[in-house]
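Structure, as structure tokens:
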Amino acid sequence: MYYSETKVIMGGLAHVPILIFIVNFIKGKFESIASNVVEVKTEAPKLKIVEIKEEGVKAEEVKAEEVKSEELNASEFKEEAE
């Protein structure tokens, strides 16, 4: 059985307020969630500019005897480790 054109239009008009209510209800839920969201402010990190100072390194005089004694100590340590 076919519905007449007037019944179809009346049925559509009757459902429009229901659809509007559903859409507004969903929209209201999203707005309440959005109002609870906290905005995070991003700031540029603070940079501290440090100047590098070049200092001259003073070379120390090392006697040949001290170098040899250090080499002997190192070789003794290696032998103990093995």
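The basis for the numbers below is simple: all heavy atoms, side chains too, and nothing from hydrogens, waters or symmetry mates.
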- Message: For residues 5-22, which residue pairs pass the side-chain hydrogen bond (donor to acceptor under 3.5 Å, both in side chains) check, not counting sequence neighbours?
- Response: Ser4-Thr6
- Message: Assigning hydrophobic clusters by single linkage (Ile, Leu, Val, Met, Phe, Trp, Tyr; side-chain heavy-atom cutoff under 4.5 Å), is Val8 placed with Val16?
- Response: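 Per the 4.5 Å side-chain linkage, Val8 and Val16 are not co-clustered.
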- Query: When clusters are formed by joining ILVMFWY residues with side-chain heavy atoms under 4.5 Å apart, either directly or through shared neighbours, do Phe21 and Leu13 land in the same one?
  - Reply: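 Result: no, two separate clusters.
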- Query: Just one of Asn24, Val23, Ile22 clears the side chain to side chain contact (heavy atoms under 4.5 Å, CB included) bar with Ile26, so which one?
  - Reply: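 Considering Asn24, Val23, Ile22, a side chain to side chain contact (heavy atoms under 4.5 Å, CB included) with Ile26 is found only for Ile22.
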- Remaining members of the apolar cluster that contains Tyr2, side-chain heavy atoms under 4.5 Å: none
